[in-house]
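Report on one structure; see the data block that follows.
Just so it is clear, the structure is predicted and the values come from calculations on it, not from any experiment.
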Protein chains: 2
Amino acid sequence: MTEPRPTAEPPRPTLERRPLREQIRQYVTEAVVAGRWAPGERIVERRVAVELGVSQAPVREALRELEQLGLVESEPNKGVRVRSFSETDLREIYPVRAGLEETAARLALPRIDDERLAALDRHVAALHAASTAGDAAAQVRHGVAFHREIVAASGNALLGSVWEALGIEVWTTLSIRVYRMDLHENAADHEPIVAAFRRRDPATGALLREHVLGYGGCALLP
Amino acid sequence: MTEPRPTAEPPRPTLERRPLREQIRQYVTEAVVAGRWAPGERIVERRVAVELGVSQAPVREALRELEQLGLVESEPNKGVRVRSFSETDLREIYPVRAGLEETAARLALPRIDDERLAALDRHVAALHAASTAGDAAAQVRHGVAFHREIVAASGNALLGSVWEALGIEVWTTLSIRVYRMDLHENAADHEPIVAAFRRRDPATGALLREHVLGYGGCALLP
DNA sequence: TTTTGCGCAATGATCGATCATTGCGCAGAA
DNA sequence: TTCTGCGCAATGATCGATCATTGCGCAAAA
């Protein structure tokens, strides 16, 4: 929500100046999402600390952030464990996303400009390309970018941070792996939304809501 | 979102077993909301730690939680400071709330039961009483409880946690203090919503959305 | 056999100390 | 005078150690 344009990173020489905590968070996330750490499994702070050659403190902070994300759960004095994701858990996210994005669309509708619309077009094109290439990860990435663009277009920073806090990418990836959820990111579904924005259709919000709800509705295979 | 009924706390002997971090968070929150710590003011971890006779670690954790809440902001290696709340910041919350609660109403509509409806009635009554008594704090509290009840009725735990993460009570209190925002919690505004739920009106969601947006629209006094 | 405590090991919570970065003032160069 | 860079003080980030709680096994009592 901070960068004015989602064009490209400023090409600074990447001096690896991220806080430890962030790297640890990424490490744990990867382990959980990839399924290397099973649901229900204890995550012992010190063990992870030793594994990574750091101390307990940053691991703790990383785990707390992941708890906010819902990827792990913890009880006081009893530690953190990998959440076991029920199908219900994975489904619950879609109505919330849908509501947030409907709000985003409503706010964006009167203020979206050509530049932003062009960005949406680019995301759709990238999605199409990834789909043709059969690159599932890229499809997820560009699909999320499309929706993120709309949220950014709302101009409401709080909405942006709440939406980001949902951790869409993580959950989508997880859904695909755990429940073999269908890959629902296809370019064609997104085009009507851009068109609706272009013509300033008051129903754009509802359209986007249904679009997102569709992700949750038909995508789980038993 | 956890307790099955919002009736009363189980009367255990309160052995003060809350984590330090939580108490610290409450302390800092109170200081910021009451305005004892001015916007933009640095919050030095060690200073707070000394003030409270604890060490730096739990203060740090508490501050991170407050950062999530948006009450303070931080930059890496530069520490935490009290956020300066612009009127825009305070307004941004309402569309987000409105969208979330509209979603909650939609989800709750087919599954809300008499018990829950009765609870809503009780909240409205309590709001009325507080209003009559001129107890502003109680009005805020019961008003929030009303909306929380609806969110809980949605049965979507994620929605509940996202809504809670907005920290409505804190922001409402802050708005009133900083911008002398009107106290908008009056019982009459809430009754039509309960009635809409009772008759299972499909427009309940939209009604609730407009109700919440009304909070943000007319409430700021220059 | 079942129940009730005790005691230990594991580990989360907290602490005090150290490392590393940032901001700033001042001396010297331009 | 204005600009540069050094050095120090403040403080966030991280560490290693200690305190306190939890879970569990085992032995003694019922």
Side-chain angles (χ1 to χ4, degrees), chain A residues 2 10 12-29 31-32 37-84, chain B residues 2 10 12-29 31-32 37-84:
Chain A
T2 312
R12 59 175 171 181
T14 43
L15 289 178
E16 191 58 68
R17 295 176 61 63
R18 289 183 307 152
L20 256 191
R21 149 177 45 97
E22 239 180 81
Q23 304 179 47
I24 297 171
R25 177 159 51 91
Q26 188 173 331
Y27 173 80
V28 176
T29 302
V32 172
W37 296 355
E41 189 172 329
R42 279 289 302 283
I43 303 181
V44 178
E45 296 178 352
R46 286 173 206 205
R47 199 170 325 166
V48 177
V50 171
E51 269 179 49
L52 300 179
V54 298
S55 90
Q56 191 188 351
V59 175
R60 227 179 127 75
E61 294 194 3
L63 288 178
R64 290 228 174 284
E65 291 181 17
L66 292 181
E67 190 183 359
Q68 290 264 346
L69 232 184
L71 214 56
V72 304
E73 57 193 352
S74 77
E75 283 180 279
N77 290 310
K78 294 187 55 178
V80 172
R81 55 182 64 236
V82 180
R83 258 192 70 185
S84 49
Chain B
T2 312
R12 60 175 171 182
T14 44
L15 288 178
E16 193 53 71
R17 296 175 61 63
R18 289 183 309 152
L20 256 190
R21 148 178 44 98
E22 240 180 81
Q23 303 179 49
I24 298 170
R25 177 159 50 91
Q26 187 174 329
Y27 172 81
V28 176
T29 302
V32 172
W37 295 356
E41 189 173 329
R42 279 288 304 281
I43 303 181
V44 179
E45 297 179 351
R46 286 173 206 206
R47 199 172 321 163
V48 177
V50 171
E51 269 179 47
L52 299 179
V54 299
S55 92
Q56 190 187 353
V59 175
R60 224 178 131 74
E61 294 194 5
L63 289 178
R64 291 227 173 284
E65 291 180 18
L66 292 180
E67 190 184 359
Q68 290 266 344
L69 231 183
L71 213 56
V72 304
E73 57 193 351
S74 78
E75 283 181 280
N77 289 312
K78 295 187 55 180
V80 172
R81 55 183 63 235
V82 180
R83 260 193 67 185
S84 50

Sugar-phosphate or base contact per nucleotide [nucleotides 5-16 of chain C; S, B, -; heavy atom under 4.0 Å]: ------BBBBB-
Might you confirm whether atom CD of A:Gln26 has over 12 heavy atoms from other residues, nucleotides or ligands at distances under 6.0 Å? no
Among A:Val80, A:Leu71, A:Val32, A:Ile24, which one satisfies side chain to side chain contact (heavy atoms under 4.5 Å, CB included) with A:Leu66? A:Leu71
My understanding is that only residues two or more places apart in sequence, or in another chain, count here; which of them pass side-chain hydrogen bond (donor to acceptor under 3.5 Å, both in side chains) with A:Glu41? none
Residues pairing under salt bridge (Lys or Arg N to Asp or Glu O under 4.0 Å) where one sits in residues 59-69 of chain B, two or more places apart or in two chains, turn out to be A:Arg60-B:Glu61, A:Glu61-B:Arg60, A:Glu61-B:Arg64, A:Arg64-B:Glu61, B:Arg21-B:Glu61, B:Arg21-B:Glu65, B:Arg25-B:Glu65, B:Glu45-B:Arg60, B:Arg64-B:Glu67
When you compare the side chain of B:Val48 with that of B:Trp37, does any pair of heavy atoms fall below 4.5 Å? yes
